[in-house]
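Have a look at the structure below before the remarks.
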Amino acid sequence: MNSRSLLLSPNPNSLKSRFTKGLLRALSRINKHRQQPRSSREIRKRHRLIKAAAYGSMASSVGNRRAWSRALLWKIRNQTRRGYAATRNIGSSTRQLSMKKRICDLQKGNNSKNRVEVGGLGQVDKLRRLVPGGQVMHTCSLLEETAHYMKCLATQVKVMTRIVEVYNIP
Amino acid sequence: MNSLLNPQTPFDSSAHDDFLEQMLSTLGPSSCSSWADETPTAPPSAGNSDNNVVFSYDDSSNLASKFRSHQISAGAAASKSSPTASAAAAAAMMLQHQLMMSRGGSSSSGNGAPMGLSLGSNGDFNDVGDGSSFKSPNPGGGDGGSSVQALFNGFTGSLSPNQPQHFHHPQGGALQAQNYGAQAAAMTQPPANGSAGASAAQPRPRVRARRGQATDPHSIAERLRRERIAERMKALQELVPNANKTDKASMLDEIIDYVKFLQLQVKVLSMSRLGGAGAVAPLVTESSEGGGDCIQTSANGGTRGGRSGNQTASSNDSMTVTEHQVAKLMEEDMGSAMQYLQGKGLCLMPISLATAISTATCHPRNPLMNGNSNNNHPVITSNGGEGPSSPSMSALTDY
């Protein structure tokens with residue numbers, strides 16, 4: 001059963017096939033590297049590697065066309081460069097950036113009267129935290145990025161389930 | 001007056017000649033025809049001259065005449081600067097005049113004149129929508145006015161930057177000038193940039209805002225922004241599976257939950273990718289949110305492996321225990337056996353299929369299984385097996 005061709009036959013240039021290729025390559029690299037992890041710490045580390053591989057291959061197959069993919073790629077590159085602790089720092093620095101931006105926006109907003117926010121109950125903030133790179137975006141571009149991000153996540157899930165099925169991992 | 005309509009304005013052949021001529025020609029006859037179509041109170045002679053149509057509206061006739069004089073003077077003044085500028089100014093005045101006429105019915109009828117829509121339609125001056133809802137003159141927001149904006153883009157392309165000021169200047173006293181100023185301001189800014197700060201800086205008389213129309217560039221920008229956000233929300237709604245469409249806040253909640261769910265799925269899948277090496281971390285209990293057959297089985301498999309304490313020996317023991325259990329159940333009742341298996345995240349399938357899959361799995365080119373062959377629980381978790389029909393197969397094989 002040629003699993004790879006099954007996945008890629010419809011359209012070799014689509015997002016799905018690019019993502020699949022990248023993911024499989026990354027996974028094979030991971031498995032080549034590591035020995036069978038025994039301790040739970042190693043297992044967790046491997047989990048993270050695989051998850052990073054999934055997100056990273058998704059982001060690189062999207063490329064630099066989207067703000068969220070750029071943010072994700074940047075984060076992963078810094079993460080691999082400086083180790084895992086770097087992600088925490090990056091997270092806080094983006095938060096600082098976003099705070100500064102919010103302050104500037106608020107000041108601008110005070111000049112122009114009643115700027116109607118989407119508001120909700122802090123839902124937009126939650127969305128900002130979920131979507132990578134969402135901290136420093138305006139609301140309407142955030143919504144656009146969310147739509148594309150959702151689509152890519154769904155593709156990711158489909159491909160990964162298919163891989164699990166095909167390789168028959170319990 | 002007619003000189004303004006005639007395209008024989010005194011300018012040499014420039015790149016904008018044809019464009020201006022075309023625009024002026026469309027302005028003239030189409031405007032009159034549209035007015036004739038839409039308003040029964042139009043002048044009896046729907047002539048080609050603007051004058052008749054101008055004076056058909058009593059409220060604004062005085063203003064119109066005043067405005068005309070302003071226009072002509074402005075046009076005359078502009079002719080010194082550049083011929084194209086004057087023609088452009090004249091054409092712009094024509095446009096503005098049309099707009100004024102369109103809004104001339106403001107004080108008379110609450111519904112406004114439908115000709116505002118004639119300019120608001122996309123590139124076709126003859127096309128006038130129903131006068132039911134008076135669309136705002138802001139072209140950036142809706143589909144209206146893109147033609148107007150195109151015209152103005154043509155103008156501003158040819159004119160120097162201080163020409164818009166020139167447009168605004170003679171309208172200082174006009175009643176509807178403020179609307180025009182707001183519109184021009186909104187149009188000279190690219191509509192994607194919803195910032196409200198770039199209106200023409202001059203004192204404008206305050207006008208009571210009509211329904212659906214804004215007099216303030218700030219509120220125009222607000223509306224732009226709100227419309228864009230609404231568009232995006234609608235697009236998102238189509239992506240999310242359970243689209244209630246009731247309310248923005250609940251829609252946002254749905255979106256957030258769905259994104260969280262997808263991210264959780266990715267996380268679970270990435271964990272299950274490691275094979276049955278035990279300690280799959282405590283997978284979240286809410287993994288069963290639909291579409292989660294695979295997740296559930298992997299969760300069950302994972303937790304089962306975890307419970308067995310990361311020991312291959314003990315898991316093998318549990319396998320044989322399970323086998324015995326299933327065999328016992330199968331003697332009694334196939335259904336309960338199947339249920340027991342499914343509870344464990346397993347299923348039955350014919351041996352031929354199992355061997356086929358196992359050979360495909362243990363193929364040397366498969367990179368994923370190499371590191372996992374020791375600890376693999378090779379139970380097949382696909383629930384599409386042959387279950388209840390053929391009881392004589394077993395899938396609980398150890399490799």
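Every chain is numbered from 1, with letters handed out A, B, ... down the list of sequences.
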**OP:** To the nearest 0.5 Å, tell me how far B:Lys234 NZ sits from A:Leu143 CG.
**Re:** 13.5 Å

Subject >> Rounded distance (nearest 0.5 Å) linking atom CG of A:Leu153 with atom CZ of B:Phe261 >> reply: 11.0 Å

Subject >> Heavy-atom closest pair, residues B:Leu269 and A:Val157 >> reply: CD1-O, 3.7 Å

Subject >> Between NZ on residue B:Lys248 and CD on residue A:Gln123, distance to nearest 0.5 Å >> reply: 10.5 Å

Original post:
Which residues pass the ring pair (Phe, Tyr, Trp, His ring centres under 6.0 Å) test with A:Tyr55, sequence neighbours left out?
Top reply: none

Subject >> Approximate separation, where rounding is to 0.5 Å, of A:Ser141 OG and B:Arg232 CZ >> reply: 7.0 Å

**OP:** Could you pull out the closest heavy-atom pair between B:Ile255 and A:Thr146, with the gap in Å?
**Re:** CG2-CG2, 3.9 Å

Subject >> Residues B:Arg225, A:Thr139; criterion side chain to side chain contact (heavy atoms under 4.5 Å, CB included); working and verdict >> reply: CA-CA 9 Å; B:Arg225 192 169 163 273; A:Thr139 305; 3.9 Å; yes

**OP:** Any chance you could measure A:Lys158, atom NZ, to B:Gln265, atom CD, to the nearest 0.5 Å?
**Re:** 11.0 Å

**OP:** Under 4.5 Å heavy-atom distance to chain A, tell me which part of B:Gln263 shows up: side chain, backbone, both or neither.
**Re:** both

**OP:** Working to the nearest 0.5 Å, report the span between NE2 of A:His47 and NZ of B:Lys267.
**Re:** 10.0 Å

Subject >> Sequence-distant partners of B:Leu239, side-chain contact (heavy atoms from CB on, under 4.5 Å), two or more places apart >> reply: A:Ala147, A:Met150

**OP:** Locate the shortest heavy-atom distance separating B:Ser270 from A:Lys51; write the atom from each residue and the value.
**Re:** OG-CB, 3.8 Å

